[in-house]
Amino acid sequence: MIAIIRQGVNEKQIDSLITWLESQNLSVHLSKGEFTTILGLVGDTSKIDIELLENLEIVEKVKRISEPFKSANRKFHPNDSIIDVSGVKIGGDNFALIAGPCSVESEAQIIDIAKRVKASGASLLRGGAFKPRTSPYDFQGLQADGLELLKLAKRETGMPIVSEIMNTNHLELFEDVDLIQVGARNMQNFELLKELGKINKPILLKRGLANTMKEWLMSAEYIMAGGNENIILCERGIRTFETYTRNTLDLSAVPMLKELSHLPIIVDPSHASGISRLVKPMALASTACGAHGLMIEVHNDPKNALCDGAQSLTPAEFDDVAKSVEKIREVTAL
Ligand code: PEP
Ligand code: MN
């Protein structure tokens with residue numbers, strides 16, 4: 001349920017309404033825009049007398065929200081949310097490029113890639129340390145050592161870092177990771193989501209392999225319900241009957257989610273296609289349809305990469321993509 005507050009009402013009146021609503025066992029989400037102030041109410045609103053609320057002098061209108069996602073709902077927060085990842089803003093008019101290898105493999109590898117993607121305009125460095133591999137016999141990532149190397153690259157380049165968490169027991173290891181990724185396979189790991197709701201750090205929530213947009217937003221809601229509203233959504237392709245590509249990039253998710261939610265949405269064209277030569281066209285299309293950023297896998301030696309080499313760009317290819325993305329941004333800003 002939302003209560004739209006009349007214009008010109010003073011803070012004190014809003015505060016006392018919030019106090020009363022909270023005494024009714026509701027949690028209240030205050031959204032202050034330039035022209036509208038909205039109180040979003042979460043909890044059992046069935047006992048609230050809508051007429052009584054609407055008759056209050058300071059309330060303009062009361063509406064029920066039919067969607068199951070509340071805090072993530074655009075109706076709760078009409079303005080775009082802008083997420084600050086250690087100084088890098090994502091959302092609204094802010095666009096960011098996240099780049100780096102699928103997995104951190106060595107100090108030389110991560111430092112070299114970090115410097116090169118930064119020179120091409122990437123503002124965040126990605127690198128997997130705990131890898132969700134289909135086979136237990138495949139490289140599982142350098143784990144805690146991988147995170148240390150990623151932190152080293154952060155110190156060398158000043159770039160904030162992004163890495164995937166798979167287990168709540170590892171939370172302490174992620175203390176210096178600027179943006180914690182929840183991978184596709186864990187999008188509905190509800191215990192993990194609940195724990196991430198308790199921390200005050202941005203979360204990159206990737207879409208599950210076969211999940212609907214509603215389920216995806218409900219996963220965001222799990223994190224937000226715990227109090228952490230710093231979420232960036234990432235479309236990374238979904239499972240379909242198609243086999244030529246690793247996944248099918250659902251670009252309609254970008255404008256659809258921008259309508260449904262205030263959370264920023266970025267696209268990962270690397271996992272979406274699985275083929276390095278498709279990354280550029282998909283990156284450009286994602287930019288053109290309004291994504292707030294891209295996450296692209298880059299490796300200095302893709303042929304010998306320990307993970308996802310087939311979809312990884314070389315630093316030179318990434319540089320070309322970054323330049324073309326900039327051109328698309330100039331055109332779409334018109
Ligand atoms: C990744 O980003 O390296 C990754 C494993 O992605 P996803 O969870 O989308 O498969
Ligand atoms: Mn990967």
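All of these numbers come straight from a predicted model, not from anything done at the bench. Read the numbers this way: they start at 1 and go in the same order the structure lists the ligands and their atoms.
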Can you tell me how far [atom2] of [Y] sits from [atom1] of [X], rounded to the nearest 0.5 angstrom?
X	Y	atom1	atom2	result
Ile231	Ser261	CD1	OG	8.5 Å
Glu297	Ser270	CD	OG	5.0 Å
Asp308	Lys131	CG	NZ	6.5 Å
Ile110	Glu105	CD1	CD	9.0 Å
Thr36	Ile5	OG1	CD1	10.5 Å
His29	Leu39	NE2	CG	10.5 Å

For [atom], closest protein heavy-atom neighbour:
atom	result
atom 6 (O) of ligand 1	Lys206 NZ, 2.9 Å
atom 5 (C) of ligand 1	Glu164 OE1, 3.6 Å
atom 4 (C) of ligand 1	His271 NE2, 3.4 Å
atom 9 (O) of ligand 1	Arg236 NE, 2.6 Å
atom 8 (O) of ligand 1	Ala184 N, 2.7 Å

Problem set entry | Heteroatom of Glu297 nearest to the Mn ion (ligand 2) (N, O or S, atom name) |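 Nearest N/O/S atom of Glu297: OE2.
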
Exercise. Among the N, O or S atoms that Asp308 has, which is closest to the Mn ion (ligand 2)?
Worked result: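 This residue's closest N, O or S atom turns out to be OD2.
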
Problem set entry | Those atoms of ligand 1 less than 4.0 Å from some heavy atom in Glu297 |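 What qualifies from ligand 1 is 3 (O).
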
Exercise. What atoms in ligand 1 come closer than 4.0 Å to a heavy atom of Gly183?
Worked result: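 This gives 8 (O) as the contact atoms.
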
Exercise. Would you find more than 12 non-hydrogen atoms of other residues, nucleotides or ligands less than 6.0 Å from Glu175 atom CD?
Worked result: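 Not more than 12 within 6.0 Å, no.
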
For this session: Give a yes or no on this: more than 12 heavy atoms of other residues, nucleotides or ligands lie within 6.0 Å of atom CG of Asn10.
Result: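 Yes, enclosed.
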
Exercise. Heavy-atom contact under 4.0 Å between Arg207 and ligand 1?
Worked result: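 No, that is not the case, since the closest heavy atom of the residue is not under 4.0 Å from the ligand.
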
For this session: Ignoring hydrogens, just give me the one of Lys131, Arg185, Arg126 whose non-hydrogen atom is nearest atom 2 (O) of ligand 1.
Result: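 Selected option, by shortest heavy-atom distance: Arg126.
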
Exercise. Is there an N/O/S atom in His271 at a distance below 2.8 Å from the Mn ion (ligand 2)?
Worked result: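 Yes, within the cut-off.
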
